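Here the structure is laid out as structure tokens; the discussion comes afterwards.
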Amino acid sequence: MATKKSSGKKSPKTSKTSAAYINDGIENLRKLGSHTFEAGPHMLPAVSLMKAAGVVKKVDDVKKPFITIVNSYTTQIPGHAHLDVLGQALYSELKKLGYNVWYTNIGGAVCDGIAMGHFGMKYSLASRELITDQIETILAAHPCDGWIGIGNCDKIVPGMYNAMVRMNIPSVYVSGGPMLKGSRGGDLITIFEGVGQHSVGKLSDRGLTQLAEHSCPGCGSCAGMFTANSMNCLGEVIGLAQPGNGTITAEVWADKKKTRTKINPARIALVKQAAHSLKRCMDNKILPRQIVTKKSIDNAFIADMAMGGSTNTVLHTLALAAAADVPYDLERLNQISAKTPCVCKVSPSRPGTHMEDVHACGGVAAILKEVARGSKCGLNLDAPSVTGKLGDMVRKAPKPDGDVIHIVKKAYSKNGGLAVLFGNIAPKGAVVKTVGVAADMMVFSGPAKIYESQEECLSAILSGKVIDGDVVVIRYEGPKGGPGMQEMLSPTAALMGAGIRAALITDGRFSGGTRGLCIGHISPEAASGGPIAAIKEGDIIDINANKRTMNVKVSKAELAKRMKTLKPFTPKVKKGWLARYLLHVTSADKGGVFDI
């Protein structure tokens, strides 16, 4: 049972000159938490309102610790449609431990798959900042002593991680878990690539409809190593989440014929365990900024390289580093990649292999155990986590099965699954998921086909205007230019489905479901006057992913001349939340965070 709270400070007050300082309200949260409501008779009206809401039964209950559950439950996203059940399980477990429990749901969660292909996708990356801001609002306005975030899916996960280090009070994140693969072995990307097959007559109308009917069987974040699952896995490695967070499925099959699903008891057990993990953090004064350090960020990228995660993990992990005030250079990723073999491929890089298969072979811990044993990756096993140390879970893991998780000697590649390219197109870097690129495409050269938006490009691909050998350039789709840096899954899947041997480069970003020679996050972006804005139709673009280079074949003088004559960027959105967003968002090499 929870004991009475001690009086006095919870933690030393942050100096107003410290990078960790935000405002006096957050300092109050860190220093006093729910002791705020014991400050004197003037706080009794607030306590009365807590009693009215059922959070406390009597005024004296205010002396017990307060925990806030921040849930992102919504039926608009399959990854979140079961989070109400998980939230209630967590609520009951926290009450058993004797805590006062506040339970809140936050909005602004976007399903990238549903938002894909229309203007709504521009809100996706922006929603990460919105979610973090909501959590700041809730916790600063209603001070508590610890909190647990329940989420899933692309921007909600990093939004909660960022909130953990921003608020810096005891906290744990727990996800809703990945979706099962479809009854016929497919997943969401099977459908997106089916659209490309359909466009060139390789798949019938009925065949495409059947893919849609059977590829997404129930709740959970989409079944492959896409962005949501990548970030949920990295939470285990960084230390903000518990072992199994990224791989224990949301559901299990309810019948042998695979016609019905039900919530996975193991996922409910993990959610209940989060209550005890939080208690450990509170009892031992373990704070997120003690967990998120340069070493833990390195660990995250080692895992990312080893498991071939989404390119979006770069964007979100850099944002987490920024939120924790940890300086982190994008070029460091290539140094980590050079020492970290890729030992695991999951859909989309390996269609047919999914998160449930990774979990059956030991999960993230088994991947880390093998690269730590067989390479010089530099994994730090002493890094702290909400449950102990990273080494605690790694040492318990099984040996690789040899199929889903390879041994280092038989790794898919001696280098990691992600790479950062530099050159005259991307002086501040661009990111490619090398684990999803065919060996004969790692070096590529071709004429530029230029499109000023994703929609314009998709139309060209589906109408046959993009051919083998082209380098497709999509620009003005970065954080500022989009605005919102919408994902390019539709055009990349259309290229793959149609079997077109072309490269695609962009200042926008890709879905975790993307595969092929697709290079994103080009920085600086076109809207900030980056060189990608100066490329002309037909320019030859040379890409060498092995050497980490990407250049347009024009002279320095010619490129400089073009740069001088670039027209000033005119924002595509003039009003509303996105108009405010584009005024403050930074480039992708900085994580697409706000400049304040």
Side-chain angles (χ1 to χ4, degrees), residues 178 181 185 223-226 229-230 232-239 243-249 295-296 298-311 313 333-383 385 389-419 432-442 512 515 545-546 548:
K181 61 187 173 185
M225 191 64 80
F226 314 141
N229 291 330
S230 296
N232 278 326
C233 288
L234 294 195
E236 299 181 38
V237 185
I238 293 169
N245 183 69
T247 57
I248 297 173
T249 57
K295 289 181 179 179
S296 67
D298 279 349
N299 282 345
F301 282 124
I302 289 168
D304 215 357
M305 298 296 175
M307 70 185 188
S310 162
T311 53
T313 56
L333 271 67
N334 284 340
Q335 299 168 16
I336 292 172
S337 178
K339 298 185 293 184
T340 309
C342 179
V343 297
C344 185
K345 278 190 178 184
V346 181
S347 176
S349 300
R350 188 185 182 189
T353 301
H354 295 88
M355 298 307 296
E356 60 195 87
D357 303 311
V358 176
H359 185 71
C361 297
V364 175
I367 295 171
L368 293 180
K369 185 172 186 175
E370 178 56 18
V371 293
R373 180 203 65 79
S375 75
K376 297 180 179 179
C377 64
L379 190 72
N380 188 309
L381 296 177
D382 290 326
S385 75
K389 292 184 178 181
L390 181 63
D392 297 339
M393 79 174 197
V394 171
R395 282 186 279 270
K396 296 175 186 176
K399 295 179 179 179
D401 68 310
D403 178 18
V404 176
I405 304 172
H406 287 201
I407 61 171
V408 167
K409 287 184 178 179
K410 294 184 179 180
Y412 286 105
S413 62
K414 65 178 182 179
N415 295 330
L418 296 171
V432 61
K433 187 175 182 176
T434 52
V435 72
V437 181
D440 64 351
M441 290 283 286
M442 290 288 283
R515 60 188 176 117
N546 294 322
R548 310 311 197 225

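Keep in mind it's a predicted model, so treat the numbers as computed, not measured.
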Side chain Thr249, main chain Pro178, donor-acceptor under 3.5 Å: no

Closest contact, heavy atoms only, Gly224 versus Asn229: O-ND2, 2.8 Å

For Lys433 against Ser349, the heavy-atom pair lying closest together: CE-OG, 3.6 Å

Minimum heavy-atom distance Met225-Gly308, with the two atoms named: CG-O, 3.9 Å

Rounded distance (nearest 0.5 Å) linking atom CD1 of Ile405 with atom CD1 of Ile367: 4.5 Å

Whether Lys369 side chain and Ala397 backbone form a donor-acceptor pair below 3.5 Å: yes

Spacing of Met305 atom CE and Ser337 atom OG [to the nearest 0.5 Å]: 4.5 Å

Polar side-chain atom of Glu370 near backbone of Val408 as donor-acceptor pair, under 3.5 Å: yes

Flag, side chain of Ser310 to backbone of Ser230, donor-acceptor distance under 3.5 Å: no

Within-4.5 Å side-chain heavy-atom neighbours: Val346 and Asp357: no

From Asp382 atom CG to Lys389 atom NZ, the distance as rounded to the nearest 0.5 Å: 4.5 Å

Lys/Arg-Asp/Glu bridge criterion (N-O < 4.0 Å) met for Lys339, Asp298: no

Side chains of Met307 and Leu234 in contact at under 4.5 Å (non-hydrogen atoms): yes

Test side-chain contact (heavy atoms from CB on, under 4.5 Å) applied to Leu368 and Asn299, step by step: CA-CA 9 Å; Leu368 293 180; Asn299 282 345; over 6 Å; no

Heavy-atom side-chain proximity of Val358 to Cys344 below 4.5 angstrom: yes

Rounded distance (nearest 0.5 Å) linking atom CG of Asn245 with atom CD of Glu236: 5.5 Å

Nearest heavy atoms of Val432 and Thr311, plus distance in Å: C-CG2, 3.9 Å

Donor-acceptor under 3.5 Å (Ser413 side chain, Val435 main chain): no

Counterpart residues, ring-ring contact (aromatic ring centres under 6.0 Å, His included), relative to His359 (two or more places apart): none

Heavy-atom check, side chain of Arg515 versus side chain of Pro351, under 4.5 Å: yes

Closest approach of Thr340 to Cys377 (non-hydrogen atoms, all atoms of both residues): OG1-CB, 3.5 Å

Separation between CG of Asp304 and CG of Leu418, rounded to the nearest 0.5 Å: 5.0 Å

Tyr412 to Asp403 - nearest heavy-atom pair and separation: OH-O, 3.7 Å

Under 3.5 Å donor-acceptor, Arg350 side chain and Ser347 backbone: no

Side chain to side chain, Pro341 and His406, heavy atoms closer than 4.5 Å: no

Spacing of Arg395 atom CZ and Leu390 atom CG [to the nearest 0.5 Å]: 9.0 Å

